[in-house]
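One structure is given here, and the rest of the page talks about it.
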Amino acid sequence: MARETLKRIDILRHELKALRFILDNFHSGKIERATIPPRDDFQSEQGRELYDIIMKASSRENAEEKIGELDLDDVDIESFLRLSGEHYYTYPALVRERAEEIRAGRLKVEAA
């Protein structure tokens with residue numbers, strides 16, 4: 001069986017979509033904390049940093065303010081904050097599934 005390989009930038013794009021959905025819905029109580037992938041399921045440093053801010057913030061507004069101050073490689077913060085995450089509801093589960101596949105060795109991440 002051939003192993004699937006993902007590029008790091010594709011992982012980051014999917015994580016950003018998941019995080020945008022989480023940002024839009026977590027603080028308003030529209031999603032349960034249990035449905036949010038754990039921090040360790042995010043493969044990118046950028047994803048983990050955004051995750052920490054969103055999950056630790058006291059409100060969405062507070063999270064957006066802190067995110068707006070960031071300068072992350074390969075992340076357009078203005079676009080991240082401007083776009084809606086309403087259509088990204090499948091991405092948190094995708095992040096979790098991919099993390100399981102990577103840990104099990106069934107999915108490889110291309111070396112940079």
Side-chain angles (χ1 to χ4, degrees):
M1 179 171 126
R3 292 185 182 177
E4 186 179 350
T5 303
L6 286 173
K7 294 181 180 181
R8 289 194 181 280
I9 194 70
D10 292 331
I11 289 173
L12 177 59
R13 285 185 189 129
H14 294 144
E15 289 180 354
L16 291 173
K17 289 176 181 179
L19 289 161
R20 184 60 222 196
F21 178 77
I22 294 166
L23 176 63
D24 282 359
N25 294 284
F26 177 64
H27 294 286
S28 63
K30 293 180 184 173
I31 55 174
E32 302 274 333
R33 188 177 197 103
T35 65
I36 298 172
R39 183 185 193 276
D40 289 344
D41 282 357
F42 288 85
Q43 304 296 310
S44 70
E45 289 179 37
Q46 301 94 319
R48 289 180 178 157
E49 188 165 353
L50 289 165
Y51 180 92
D52 288 343
I53 290 171
I54 294 167
M55 299 307 289
K56 292 176 183 176
S58 59
S59 67
R60 176 182 174 169
E61 293 77 20
N62 179 257
E64 287 177 345
E65 182 180 320
K66 290 179 189 247
I67 290 168
E69 297 170 359
L70 294 176
D71 181 19
L72 299 175
D73 290 341
D74 301 319
V75 178
D76 182 343
I77 295 295
E78 287 182 30
S79 290
F80 178 82
L81 290 172
R82 184 178 60 245
L83 297 174
S84 167
E86 73 178 291
H87 299 294
Y88 299 148
Y89 53 88
T90 61
Y91 284 88
L94 179 65
V95 167
R96 183 173 282 170
E97 291 167 13
R98 285 204 170 151
E100 289 172 10
E101 294 288 312
I102 290 167
R103 283 193 281 270
R106 292 185 297 269
L107 185 61
K108 296 290 181 187
V109 179
E110 284 185 10

- Task: State yes or no: do Leu94 and Ile31 share one hydrophobic cluster built from I, L, V, M, F, W and Y residues joined by side-chain heavy-atom distances below 4.5 Å, directly or via other members?
- Result: yes

- Ser44 side chain reached by Leu16 side chain, heavy atoms, under 4.5 Å: no

- Query: Tell me, do Pro92 and Thr35 make a side-chain contact under 4.5 Å, heavy atoms counted?
  - Reply: no

- Do you reckon Ile11 sits in the same ILVMFWY cluster as Val75, going by side-chain contacts under 4.5 Å, direct or chained? no

- Message: Grouping I, L, V, M, F, W and Y whenever their side-chain heavy atoms are under 4.5 Å apart, do Leu83 and Leu72 come out in a common cluster?
- Response: no

- Lys/Arg N to Asp/Glu carboxylate O, Lys7 vs Glu110, below 4.0 Å: no

- Message: Side chains of Leu23 and Leu50, heavy atoms from C-beta outward: is any pair under 4.5 Å?
- Response: no

- Message: Tell me whether Leu19 shares a hydrophobic cluster with Leu6, the cluster being built from Ile, Leu, Val, Met, Phe, Trp, Tyr side chains joined at under 4.5 Å.
- Response: no

- Query: So does Glu64 pair up with Arg60, basic N to acidic O under 4.0 Å?
  - Reply: yes

- Task: Could you tell me if the ring centre of Phe21 sits under 6.0 Å from that of Tyr91?
- Result: no

- Message: Strictly below 4.0 Å, N to O, side chains only: are Asp24 and Arg20 in salt-bridge contact?
- Response: yes

- Query: Does the pair Arg13/Asp74 count as a salt bridge with the N-to-O cut at 4.0 Å?
  - Reply: no

- Query: Are the side chains of Met55 and Ile36 in touch, meaning some heavy atoms are under 4.5 Å apart?
  - Reply: yes

